[in-house]
Amino acid sequence: MTSDPPPQLDELLKQREAHLGKALSIAHGKPLHITHGRMQYLFAADGTRYLDLVNNVCHVGHSNPKVVEAGQRQMALLNTNTRYVYDGLSEYLARLAATLPEELSVGFLVNSGSEANELAVRIARAHTGAHDMVVVEGAYHGHTGMLIDLSPYKFRGPGGKGEPESWVHVVPIPDSYRGGERDYAAELGEIVADAGPIAAFLVESMLSCAGQIPLPPDYLPAAFEHVRAAGGLCIADEVQVGFGRVGTHMWAFEEHGVVPDIVVMGKPMGNGHPMAAVFTTPEIAASFEEMEFFSTFGGNPVSCAVGMAVLDTIEQDGLMQRATELGGHFKAGLRELQERHSIIGDVRGRGLFLGIELVRDRETQEPATNEAAIIVDDMRDRNVLLSTDGPHHNVIKIKPPMVLSKEDIDMTLHLLNESLNQSL
Ligand code: PMP
């Protein structure tokens, strides 16, 4: 007897339709039926190879053999929880702490960026006794009830209630492309001064959903000063941009010469295995000791083995150096395209976290939202996966696995040039 053939795309879509909530969308316009991944590539059921320029979770490559092997080995040996003492946990925490400023030595291990941000806010509230929070316009910090309230990207977006809760203070996006010389930190200072007691400022070290925006050089030091003067803590959300993606530093906040009170990490931490963490100082952690903290899966032996393999791979394969070199090459190539195509208003980013902002007119900066969607769909047909984001969805995002090659980048630049010439 032969086994049944695997369900085809139409059948899979029907099953999804029946059993998955409609709140979930499918990426890349025409659905892609992916059967496997290998490093920077995803392979479709029809054999097509796609260059993945958008999945920053598989940081060291889809199904990276070193990470797979580490997880398999540990899964066959022991998996339990952090109420037991086992090899790997303390070593992993120490290894992570060593990547951070010395004072951020206490870690909490959880399973998703949302859980980690939620925990970071609880810790900040416990430490300060204050409740209110400050967030940046356009930010996304997670899918829990509290984090939707802390994510203007969501509460101002489709299905959202539009206005922030009274305990949420929203500061403008420090966008040098659109705002020119505006003093965004001073604007934050005024909002914080009017807010009353605040628990924390939750901010990405480089903005992702808000449009791939590197923070202006003086922004974080001044903003942190205002927040601390008001008694609040500073939480750096490194979920998207951490683990060396910016190339020159392991954590993007380091570029700004600041030390946050709390750092949140996630996505690439387990290369796809669900892992996230919160790191803070012993003093702040001590304010959170009254109620026991326990996460069933957070920091389990398999996660620690996987996380350690990710850190080993970043180091052994020189991926940060690679992000600097390849990111620089990519950005220079995109800047050349900008000279040829007036629709490219801005090219920005650091390392392998880049954004291409499309505008209809460079003077008015009218967002070229439809055009951005057309280019992303067209590039998918050319076997390169990209996506759009930003408040106007006119920013093409580039945040690939860090193992892509110079040839992948050159091919992308060539195809993007063709796409801009032919599809608009
Ligand atoms: N923070 C940022 C900056 C994110 O981009 C995300 C996820 N997109 C989260 C937090 C939430 O992470 P998760 O989806 O793992 O809960």
Side-chain angles (χ1 to χ4, degrees), residues 21 23-25 27 52 54-59 108-124 133-157 160 168 170-171 173-174 200-215 220 234-246 251-253 260 262-279 295-299 303 306-307 310 349-355 387-391 393 395 397-401:
L24 186 67
S25 63
D52 182 357
V54 80
N55 285 289
N56 52 345
V57 171
C58 41
H59 198 60
F108 298 79
L109 298 172
V110 291
N111 317 284
S112 70
S114 299
E115 260 184 90
N117 271 330
E118 181 92 16
L119 179 61
V121 175
R122 285 182 58 209
I123 293 172
M133 292 289 302
V134 180
V135 291
V136 177
E137 191 63 77
Y140 176 70
H141 293 292
H143 64 78
T144 63
M146 188 214 292
L147 293 172
I148 294 295
D149 286 342
L150 287 172
S151 298
Y153 187 75
K154 285 294 196 190
F155 67 70
R156 292 211 207 279
V168 179
V170 182
V171 298
I173 300 175
F201 174 38
L202 173 58
V203 60
E204 286 185 275
S205 309
M206 179 150 44
L207 310 185
S208 58
C209 293
Q212 303 289 99
I213 297 179
L215 298 174
L220 277 189
C234 300
I235 306 174
D237 181 340
E238 290 267 346
V239 168
Q240 290 241 7
V241 296
F243 287 94
R245 179 161 292 279
V246 298
W251 307 106
F253 68 77
I262 301 178
V263 173
V264 173
M265 52 189 82
K267 283 189 192 282
M269 191 167 171
N271 210 47
H273 182 82
M275 293 179 70
V278 176
F279 270 82
S295 161
T296 301
F297 302 125
S303 297
V306 166
V310 171
R350 301 265 296 114
L352 287 171
F353 195 80
L354 302 172
S387 71
T388 60
D389 226 325
H393 291 277
V395 181
K397 304 207 305 192
I398 296 177
K399 46 190 179 74

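All values below were derived from every heavy atom in this structure, side-chain atoms included, with hydrogens, water molecules and symmetry-related copies excluded. Order of appearance sets the numbers: ligands from 1, and atoms from 1 within every ligand.
- Proximity of Val54 to Ile398: side-chain heavy atoms (C-beta onward) are nowhere separated by under 4.5 Å.
- Shown in contact with Asp237 at under 4.0 Å from a heavy atom are these atoms of ligand 1, numbered in order with element: 1 (N), 2 (C), 3 (C), 10 (C).
- Among the atoms of Gly113, some N or O lies under 3.5 angstrom from an N or O of ligand 1.
- With hydrogens left out, the protein atom closest to atom 10 (C) of ligand 1 is His141 O, 3.2 Å, a heavy atom.
- An N or O contact shorter than 3.5 Å is missing between His143 and ligand 1 by distance.
- Using a 4.5 Å cut-off on side-chain heavy atoms (C-beta onward), Val310 and Met269 make no contact.
- Here the heavy atom of the protein found nearest to atom 4 (C) of ligand 1 is Val239 CG1, 3.8 Å.
- Using cut-offs of 30° and 60° for the angle between ring planes, the His393 and Tyr153 rings count as tilted.
- Ligand 1 has no nitrogen or oxygen under 3.5 angstrom from a nitrogen or oxygen of Glu204.
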**Report entry** Residue pair Asp237, His141: steps toward the side-chain hydrogen bond (donor to acceptor under 3.5 Å, both in side chains) verdict
**Finding:** CA-CA 8 Å; Asp237 181 340; His141 293 292; 2.8 Å; yes
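- Residues satisfying the side-chain contact (heavy atoms from CB on, under 4.5 Å) test with Ile148, not counting sequence neighbours, are Lys154.
- Distances from atom 5 (O) of ligand 1 to the heavy atoms of Met206, Met269, Gln240 show the closest one on Gln240.
- Of all atoms in ligand 1, listed by their number and element, those nearer than 4.0 Å to a heavy atom of Ser114 are 11 (C), 12 (O), 13 (P), 16 (O).
- A 4.5 Å side-chain heavy-atom check between Asn56 and Lys267 finds at least one atom pair inside the cut-off.
- Checking only distances, Ser208 never comes within under 3.5 Å of ligand 1, N or O to N or O.
- For ligand 1, the atoms lying closer than 4.0 Å to a non-hydrogen atom of Ser112 are 15 (O), 16 (O).
- At a heavy-atom cutoff of 4.0 Å, ligand 1 is contacted by the side chain of Lys267 but not by its backbone.
- Partner of Met133 under the side-chain contact (heavy atoms from CB on, under 4.5 Å) criterion, chosen from Asp149, Val170, Leu150: Leu150.
- Contacts between Val264 and ligand 1, counted as non-hydrogen atom pairs separated by less than 4.0 Å, are absent for every part of the residue.
- Although no hydrogens or angles enter the test, the distance criterion places no donor-acceptor pair under 3.5 Å between the side chain of Ser303 and the main chain of Gly299.
- Qualifying side-chain contact (heavy atoms from CB on, under 4.5 Å) partners for Val136, counting only residues two or more places apart in sequence or in other chains: Val171, Ile173, Pro174, Phe201, Val203, Leu207, Tyr219.
- Heavy-atom proximity to Asn117, at under 4.0 Å, picks out these atoms of ligand 1: 1 (N), 10 (C).
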